[in-house]
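In what follows, a single structure is set out as structure tokens and then discussed.
Letters A, B, ... mirror the listed sequences (proteins, then strands); counts begin at 1. Heavy atoms only: backbone and side chains are in, while hydrogens, waters and symmetry mates are out. This is a predicted model, so every value here is computed, not measured.
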There are 2 protein chains.
Amino acid sequence: MADRSSKAEEILDTAEAMARESGFSGFSFREIATAVGIKSASVHYHFPTKDDLGVAMVQRYTDRFMATLGEPDDPARTPDRAFRDYVAAFAKAAVEERKMCLCGMFGAEILGLPLTVASETRRFFDLNRQWLKVLLARFGIDDAEDQDGKAFAIIATLEGALLLSQAYDDPTAFERAVAGLGILNQRDDSR
Amino acid sequence: MADRSSKAEEILDTAEAMARESGFSGFSFREIATAVGIKSASVHYHFPTKDDLGVAMVQRYTDRFMATLGEPDDPARTPDRAFRDYVAAFAKAAVEERKMCLCGMFGAEILGLPLTVASETRRFFDLNRQWLKVLLARFGIDDAEDQDGKAFAIIATLEGALLLSQAYDDPTAFERAVAGLGILNQRDDSR
DNA sequence: GTCTATAATTTGATAGAC
DNA sequence: GTCTATCAAATTATAGAC
């Protein structure tokens with residue numbers, strides 16, 4: 001896709017990890033440089049400005065996230081299974097990575113972001129909504145407004161569950177929040 | 001409570017507004033000073049360090065928020081009504097103020113906060129969970145684990161709905177997320 | 001690609017006069 | 001309470017050598 005050098009990927013790894021813990025202002029070129037073993041001027045060689053770095057971070061995060069989801073209407077996967085996979089994508093952030101969703105973090109502080117990064121952040125949510133709409137149609141939810149509301153509700157709950165996991169530094173907060181949700185439990189028997 | 005001067009309140013107003021848009025690193029003593037018409041050294045007179053300011057911001061926000069909620073077991077208010085009031089407290093942030101919840105913002109970036117501010121932020125969520133548990137008991141939900149899960153799910157959805165409203169700069173995102181949620185619609189007839 | 005060196009700006013914070 | 005003056009550190013970013 002972007003065909004980046006391995007050093008550029010290392011930079012993105014580090015910047016993403018830092019941003020998912022403390023936001024866009026939560027990392028600096030110097031910190032990243034130290035972490036990957038180069039100087040800050042060399043980071044600027046790969047990503048001239050912080051805007052550029054921010055955009056690349058969100059694009060890579062979004063591409064990876066959507067790729068792990070697969071297609072919502074893949075006939076090889078039941079709707080129930082696809083929905084569980086969707087929840088699992090967020091659970092991974094809470095349990096394995098113990099970090100916020102990058103776009104959830106940027107979404108909250110979007111008014112303080114460069115416009116290019118803000119725009120790319122909204123794209124993440126647009127793609128998620130579209131993916132969920134296709135899936136909800138397979139559940140027999142055909143009304144567009146209904147699909148829209150349910151998609152928003154699902155994303156909100158999962159992003160909020162991640163937020164609580166961060167606040168408490170406790171992955172079980174994510175699990176408890178999701179387990180306590182009716183929408184998800186309706187299909188608890190389908191595993 | 002804190003018995004602060006009106007200038008200190010002005011400072012807190014400004015800092016809160018800025019933090020709810022772009023986080024803890026999203027405001028500086030100089031910006032605040034300019035906004036309230038004094039110099040940054042004078043801001044330090046009221047709040048010696050940024051830690052102090054952050055703690056005061058969260059304490060005041062939490063106190064105000066819990067005060068508007070009232071008592072969850074006030075017999076003068078039906079459980080349905082109390083729950084609607086709870087949702088309305090978050091809706092106010094999305095629709096009237098068009099800002100993130102201060103503690104939702106700080107919760108997401110909690111790993112980048114001073115420990116004192118982080119601790120105060122968790123208190124906000126502790127108080128919210130306790131309030132909801134008392135309310136859920138009135139709905140006949142007596143199992144403690146059940147109460148806990150549902151409380152987490154409700155807070156997660158509302159904080160996540162605020163996050164989406166910020167990301168899209170659109171209060172209707174909050175409303176759509178909440179409307180699409182089964183847990184809330186079950187009692188749609190009780191208004 | 002990475003470095004040294006450096007510029008311009010911003011940040012949190014303090015000392016001391018009024 | 002507010003000011004001027006100042007500080008040390010950090011930030012994003014650039015120029016130019018290797």
Side-chain angles (χ1 to χ4, degrees), chain A residues 2-58 105-106 109-118 120, chain B residues 2-58 105-106 109-118 120:
Chain A
D3 199 38
R4 266 182 291 259
S5 73
S6 71
K7 211 52 164 181
E9 293 289 344
E10 264 188 85
I11 290 168
L12 289 172
D13 289 343
T14 305
E16 178 184 313
M18 290 172 170
R20 289 174 66 184
E21 289 191 348
S22 39
F24 189 74
S25 302
F27 64 93
S28 70
F29 279 78
R30 268 186 167 74
E31 277 179 296
I32 294 170
T34 301
V36 307
I38 56 178
K39 297 293 175 182
S40 74
S42 303
V43 179
H44 280 284
Y45 165 80
H46 295 281
F47 303 96
T49 71
K50 199 173 182 182
D51 291 30
D52 296 325
L53 177 53
V55 168
M57 285 164 66
V58 176
M105 180 71 86
F106 284 1
E109 59 186 11
I110 205 157
L111 293 176
L113 296 184
L115 292 181
T116 48
V117 183
E120 208 59 37
Chain B
D3 199 38
R4 267 181 290 259
S5 73
S6 70
K7 210 52 162 181
E9 293 290 344
E10 263 188 85
I11 290 168
L12 289 172
D13 289 343
T14 304
E16 180 185 311
M18 289 172 172
R20 290 174 65 185
E21 288 191 349
S22 39
F24 188 75
S25 303
F27 65 93
S28 70
F29 279 79
R30 269 185 166 73
E31 277 179 296
I32 295 169
T34 301
V36 306
I38 56 179
K39 296 294 174 182
S40 74
S42 304
V43 179
H44 280 284
Y45 165 80
H46 294 282
F47 303 97
T49 71
K50 199 174 182 181
D51 291 30
D52 296 325
L53 177 54
V55 168
M57 285 165 64
V58 176
M105 180 71 85
F106 283 1
E109 59 187 9
I110 205 157
L111 292 176
L113 295 185
L115 293 180
T116 49
V117 182
E120 208 59 37

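In the set C/dT2, D/dT2, C/dG1, C/dG1 carries the atom at the smallest distance from any side-chain atom of A/Ser5.
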*How does protein reach along nucleotides 3-18 of chain D, written 5' to 3' as B (base within reach of a heavy atom under 4.0 Å), S (only sugar-phosphate), or - (no contact)?*
BB-B----BBBB----
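If you measure from atom CD1 of A/Ile11 to atom C1' of C/dG1, you get 10 Å, rounded to the nearest angstrom.
Between B/Tyr45 and D/dT2, a side-chain N or O to OP1/OP2 separation shorter than 4.0 Å is absent.
Sorted by first and then second residue, the pairs that involve residues 17-38 of chain A and meet salt bridge (Lys or Arg N to Asp or Glu O under 4.0 Å), not counting sequence neighbours, are A/Glu16-A/Arg20, A/Arg20-A/Glu97, A/Glu21-A/Lys99.
Annotation: side chain of B/Glu120 is not in contact with side chain of B/Phe106 (no heavy-atom distance under 4.5 Å). In this structure, the side chains of B/Arg4 and B/Ile11 stay at 4.5 Å or more apart for every pair of heavy atoms. A 4.5 Å side-chain heavy-atom check between A/Phe24 and A/Pro114 finds at least one atom pair inside the cut-off.
Cation-pi contact between B/Lys39 and B/Tyr45: absent, since separation from the ring centre below 6.0 Å together with deviation from the ring axis within 45° is not met.
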